[in-house]
Novice: 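Let me give you the structure first, and then I'll get to my questions.
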Amino acid sequence: MTSKITLYDFFCILISGYLIIFPFIFNEVCDISKSLPFFILAYLVGLVYHTIIERLYLPLRNCRCMIEKGKDRAISSFEKHCKRTISIPNVDYYEAYYYLMMKNCLYVIPVLEAQVALIKTIFPIIVLYAIYLSANCSIINMEDDLRLFIVITLGILIVTLPCVWYIIQQKVYRFVYEGYFFIQHSIKKESDNETT
């Protein structure tokens, strides 16, 4: 099994590193952002931060109740598609996920997982930015109207991003089970056709 970094992973790490470094280099951003060392530093800071965040979110990773809800939705969706109640195999999420991976049938799932990773990584930074800007710190020279607009926007993101995170994560769980059920159903259907 090979492990490779995707474009989404790269941008997730680079963006988070840039956002962490940005307040410290705000006045020089026009000159420094064009240099390769700045991007390397932003990537390395983002990589360290991303690793720390992954450890902090570990208890939320693949939460059993969320997986079961995704499985129930997949069963409901699959039965609706088949227009009848069908026999659903009792399969573990990880088994279904790796089965799809072996069959090269993950399709949009890695993209959704990358979106979840970006939200998880950026969320604490957004919270810190909102706290920092609402405290009216004068390190970043900014008009009050612009500061207020940014704080309100960050506040809206703080409220909506966990909801978006939940919805996308539920899609991942549902798509894994739907894909697994569909492939299993297709294999069973083919074998039934061959025997008749």
Side-chain angles (χ1 to χ4, degrees), residues 3-67 69-70 73 93 97 106 108-176:
S3 177
K4 57 186 177 187
I5 187 166
T6 66
L7 187 61
Y8 289 103
D9 295 326
F10 176 76
F11 281 122
C12 177
I13 292 168
L14 186 65
I15 289 169
S16 60
Y18 179 79
L19 290 174
I20 291 169
I21 294 172
F22 181 74
F24 302 107
I25 52 108
F26 181 74
N27 293 330
E28 293 89 29
V29 74
C30 293
D31 298 330
I32 199 166
S33 65
K34 295 177 183 173
S35 67
L36 182 61
F38 171 73
F39 285 111
I40 293 171
L41 178 64
Y43 183 80
L44 292 174
V45 168
L47 189 60
V48 170
Y49 171 75
H50 186 72
T51 304
I52 292 168
I53 287 299
E54 282 296 313
R55 294 285 182 206
L56 291 175
Y57 283 126
L58 200 56
L60 297 176
R61 184 182 166 143
N62 295 331
C63 178
R64 180 60 45 198
C65 64
M66 285 180 65
I67 290 173
K69 191 179 283 189
R73 286 183 178 165
Y93 171 76
Y97 186 93
L106 287 176
V108 74
I109 293 169
V111 173
L112 294 173
E113 290 174 326
Q115 290 172 349
V116 167
L118 180 63
I119 291 170
K120 286 189 325 188
T121 304
I122 297 298
F123 186 74
I125 296 172
I126 289 173
V127 170
L128 290 175
Y129 266 66
I131 292 168
Y132 178 76
L133 289 173
S134 62
N136 205 13
C137 295
S138 59
I139 294 174
I140 296 180
N141 203 2
M142 187 182 301
E143 296 293 324
D144 287 339
D145 291 342
L146 179 59
R147 183 186 308 272
L148 181 62
F149 172 75
I150 292 173
V151 168
I152 289 171
T153 304
L154 293 175
I156 292 169
L157 286 174
I158 288 169
V159 172
T160 58
L161 279 179
C163 299
V164 172
W165 174 4
Y166 176 81
I167 290 167
I168 294 172
Q169 189 64 61
Q170 278 299 304
K171 270 186 175 179
V172 170
Y173 296 142
R174 192 187 74 192
F175 287 172
V176 166

Novice: Tell me every residue that passes side chain to side chain contact (heavy atoms under 4.5 Å, CB included) with Leu161, counting only those two or more places apart in sequence or in another chain.
Specialist: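 Partners of Leu161 under the side chain to side chain contact (heavy atoms under 4.5 Å, CB included) test: Ile119, Phe123, Ile126, Leu157.
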
Novice: So Phe22 and Tyr129, would you call those rings parallel, tilted or perpendicular, with 30° and 60° as cut-offs?
Specialist: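 Judged by the thresholds at 30° and 60°, the geometry between Phe22 and Tyr129 is parallel.
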
Novice: When you look at Tyr18 and Tyr43, which way does the ring pair (Phe, Tyr, Trp, His ring centres under 6.0 Å) test go after all the steps?
Specialist: CA-CA 8 Å; Tyr18 179 79; Tyr43 183 80; over 10 Å; no

Novice: Please name all residues satisfying side chain to side chain contact (heavy atoms under 4.5 Å, CB included) with Ala130, sequence neighbours left out, ordered by chain then number.
Specialist: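 Residues passing side chain to side chain contact (heavy atoms under 4.5 Å, CB included) with Ala130: Leu154, Ile158.
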
Novice: Is there side-chain contact between Leu56 and Ile53, with heavy atoms separated by less than 4.5 Å?
Specialist: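 Yes, close enough: below the 4.5 Å cut-off.
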
Novice: Who are the side chain to side chain contact (heavy atoms under 4.5 Å, CB included) partners of Ile20, not counting sequence neighbours?
Specialist: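 Partners of Ile20 under the side chain to side chain contact (heavy atoms under 4.5 Å, CB included) test: Val45, Tyr49, Ile125.
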
Novice: Tell me, please, which residues at least two apart from Val108 pass side chain to side chain contact (heavy atoms under 4.5 Å, CB included).
Specialist: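 With sequence neighbours excluded, Val108 shows a side chain to side chain contact (heavy atoms under 4.5 Å, CB included) to Val111, Leu112, Phe175, given in chain and number order.
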
Novice: Return yes if some donor-acceptor pair links the side-chain N/O of Gln169 with the main-chain N/O of Val116 below 3.5 Å, else return no.
Specialist: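 Here the side-chain-to-backbone pair does not exist.
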
Novice: Heavy atoms only: give me the nearest Cys12-Ala117 pair and the separation to one decimal.
Specialist: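 Closest approach of Cys12 to Ala117, heavy atoms only: SG-O, 3.8 Å.
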
Novice: Please collect all side chain to side chain donor-acceptor pair (under 3.5 Å) contacts where either partner lies in residues 114-126, sequence neighbours excluded, each pair once.
Specialist: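 Matches after skipping sequence neighbours: His50-Thr121.
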
Novice: How close do Gly46 and Ser16 get, counting heavy atoms only, and between which atoms?
Specialist: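 Minimum heavy-atom contact is CA-OG, 3.7 Å.
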
Novice: Do Tyr166 and Met66 have side-chain heavy atoms sitting under 4.5 Å apart?
Specialist: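 Heavy-atom side-chain distance check passes, below 4.5 Å.
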
Novice: Once ring pair (Phe, Tyr, Trp, His ring centres under 6.0 Å) is applied, do any residues pair with Tyr57, and if so which ones, sequence neighbours excluded?
Specialist: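 With neighbours one apart ignored, the set is Trp165.
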
